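A note on names: the letters A, B, ... follow the listed sequences, proteins ahead of strands, and every chain is numbered from 1. The structure presented is a predicted model; accordingly, all values stated were derived computationally and were not measured.
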2 protein chains.
Amino acid sequence: MAESLNERSQNILEAIVEDYIASAEPIGSRAISRKHNFNLSPASVRNVMADLEEMGLLCSPHTSSGRIPTGKGFQYYIDTLLEVRALNQREKQNLRKNYRFKNMRMEDIMQEVGRVLSGLSQYTGLVMAPKFISTVFRQIEFIRLSQGRLLAIYVSETGLVQNKVIEADPTLTVQDLEQISNYLNAELNGMTIQEVREKLNDELHKDRVEYDRLKKQALSLSCAALQDEVEDQVYVSGASLMLGQPEFSTPEKMKRLIQSFESKKLLIELLDRGQSAQGVHIFVGSESSDIDLQGCSLITSNFSNQKGAIGTLGVIGPVRMNYSQVVPLVDFTAQLVSRVLDREIE
Amino acid sequence: MAESLNERSQNILEAIVEDYIASAEPIGSRAISRKHNFNLSPASVRNVMADLEEMGLLCSPHTSSGRIPTGKGFQYYIDTLLEVRALNQREKQNLRKNYRFKNMRMEDIMQEVGRVLSGLSQYTGLVMAPKFISTVFRQIEFIRLSQGRLLAIYVSETGLVQNKVIEADPTLTVQDLEQISNYLNAELNGMTIQEVREKLNDELHKDRVEYDRLKKQALSLSCAALQDEVEDQVYVSGASLMLGQPEFSTPEKMKRLIQSFESKKLLIELLDRGQSAQGVHIFVGSESSDIDLQGCSLITSNFSNQKGAIGTLGVIGPVRMNYSQVVPLVDFTAQLVSRVLDREIE
DNA sequence: TGTTAGCACTCGATAGAGGTGAGTGCTAAA
DNA sequence: TTTAGCACTCACCTCTATCGAGTGCTAACA
């Protein structure tokens, strides 16, 4: 994988990738030799191109056309040649101006971030809210809907609201419920749901212990409310912008792409891959990839508050994406969102 | 508009519309004369077709092709010729089996309904949740997020949860908040938000009256939490199914359609049109329509619980939609959802 | 030995020609 | 009033020719 290229080859590969990013069309040797001043004739460039093709970094759609970078070629470009310039203060300030987080609910923030990412990059914005399991318990309330049916409302540290309908002992009074929620709010405050679950499991296994009636109920209600898996929330913005990209110009490809976007499951799977990475993670959907987002690349970064609830945001675009522009955008936005969750800024 | 056609013309129009619905291709006189036993030669059929074209009910894409119904033709078909058979018990039972509402949150129900509508019709399902303003107050809770910032959580009669970040007097204690919410919950119970707002406005104008401190705070918090407009929630399911329809087979049309679906505003505007109608409402997006959903028809019906919170659900498909199949589906689903909201069934 | 000019070749894209067939409008006969 | 017959239209397909950007190879050159 880590084959070393001499400088000339690197320069030419870089030129081809960048020209291809700009034009979406195969790049010929003449164009390279003319536009960039390598002082090489087309013939020499062709020799280098043939080598790069042999290495699997380039390919040609047909015998007599220019070259386009392969997935591997893009990967090499990203790993070795891509220079991501850090944003200066003014650019950061400009970027911040696009976001308005004041008095926004968690959902609104997620949605807004997706919209801005999409608007600025002109690709599709993706945001995955922090996973339920990693959120920090702040408060739980129970509201009676009908005989034996309660609405449990859970609020996390960051103001994320989850609700769930649960079945419960119909003899519970409003006062009971209030006591139960007071008890739970005191008991569980500051723990992640992960920790809450462990605690609940511990308590459940200590069944020898005699609990009073209410504490028993509290245990069972909180289990019902917090034990299940909760579907991850994904926000997709600007899907139609992808349809303007030449790689998705045919009806079949459009349909496939939109289907992929509709299946949140696939997106979650993709975004999860970035969760383990530190900083910006670039996923190049190569031709051979198991995941079926052919022709797409995904640039993600995690955001988190100090207590550690981790979400992921990013931009999905064609493999031929403007990485040097989108990477800093994603990077800085993730930092911004992290600070918003910690209420450092509004 | 209400031009009267003789029986033969009606029969032929109906045959053309139905064949066109099935095939999506222009219908020729030969096909009509052969497949349907009107005992008419193609030439006679042609004469009738020429008349129908003159009346604006049919048109031909070009001189020497068969006819396709115009928007007006479809409208005539829907108004006059379409026979919607009521579902029998078995069909209703089958339909019900597709839905699982047990212990579902409002959002889940809406999403599920959209999915099933789309799956059964093979078009795109739309559901608009009951408007905030028409929901019935059940409970409000305030949760402190940080100094001076509260999360107000509102729960409606049907279990719809809305939350909003509001600014508040930072000196309010947790006990204050509990008292305030108790007061509001007693005071506003059973009123629609519409009514709540009127009440709040009345109270605000009686400003001569001396209130105690807490009541004043209660007033201001409930105003902040309930006074603003809340964006309507729209659930779109199976958008990609539309891309398989021949009327949206070109890249440009696909792009336009997906853009329309992304703009929730447009969808809300469309669904709102059906809100005033009783029963099933059919909106044919004619060529000249102001609203930009060319080539689409929308079949909607309202659902509501007994207290009157009204939402709208429906199916959007090509104008060439299978009305006789989709209309009963939408109709019965709306009834079903209404009963679910009233907790008559699960 | 690396570089370059020259040349034959490939192949997608574009345009025009010709044929096919479904369907029409018109007319005249039944 | 209905219908058979006929000339005509036009989208669609296929075949062919041309064009041009780009390639690989070879031989000459610095």
Residues of residues 60-67 of chain A with a heavy atom under 4.0 Å from any atom of DNA chain D, listed by number, are Thr63(A), Ser64(A), Ser65(A), Gly66(A), Arg67(A)

With sequence neighbours excluded, give me every salt bridge (Lys or Arg N to Asp or Glu O under 4.0 Å) pair touching residues 8-22 of chain A.
Asp19(A)-Lys35(A)

Measure CG/Asp19(B) against C1'/dG23(C) and give the value in whole Å, please.
15 Å

Separation of atom CG in Asp51(B) from atom C1' in dG25(C), rounded to whole Å
13 Å

Sidechain N-carboxylate O distance under 4.0 Å for Glu53(B), Arg67(B)
yes

Stepwise salt bridge (Lys or Arg N to Asp or Glu O under 4.0 Å) test for Glu247(A) and Arg320(A):
CA-CA 9 Å; Glu247(A) 21 274 281; Arg320(A) 183 189 60 76; 2.8 Å; yes

Interface with DNA chain C, restricted to residues 26-50 of chain B and to heavy atoms under 4.0 Å
Gly28(B), Ser29(B), Arg46(B), Met49(B)

Partner residues of Ser9(B) under the side chain to side chain contact (heavy atoms under 4.5 Å, CB included) criterion, sequence neighbours left out:
Leu5(B), Asn6(B), Val48(B), Leu52(B)

Does Tyr76(B) form a side chain to side chain donor-acceptor pair (under 3.5 Å) with Gln10(B)? I'd like the steps, not just the answer.
CA-CA 10 Å; Tyr76(B) 187 96; Gln10(B) 289 201 347; 3.0 Å; yes

Short side-chain to backbone donor-acceptor contact, Ser118(A) and Gly114(A), under 3.5 Å:
no

Looking only at side chains, do Ser324(A) and Asn322(A) share a donor and an acceptor under 3.5 Å apart?
yes

Any donor and acceptor pair, going by atom type alone, linking the side chain of Thr300(B) with main-chain N or O of Leu271(B) inside 3.5 Å?
no

Rounded to the Å, how far apart are Arg8(A) CZ and dT4(C) C1'?
12 Å

Taken to the nearest whole Å, CG/Asn6(B) to P/dT1(D) is 11 Å

Is there a side-chain contact between Ser29(B) and Met49(B) (heavy atoms, below 4.5 Å)?
yes

Without decimals, in angstroms, what is the distance between Glu53(A) CD and dC25(D) P?
11 Å

Can you sort out the partners of Ser121(B) under side chain to side chain donor-acceptor pair (under 3.5 Å), two or more places apart, ordered by chain and number?
none

Axial bend angle, the helix from dT1(C)-dA30(D) to dA30(C)-dT1(D): five-pair end segments, nearest 10°:
20°

Considering only heavy atoms from C-beta outward, does the side chain of Leu126(A) approach that of Leu313(A) to under 4.5 Å?
no

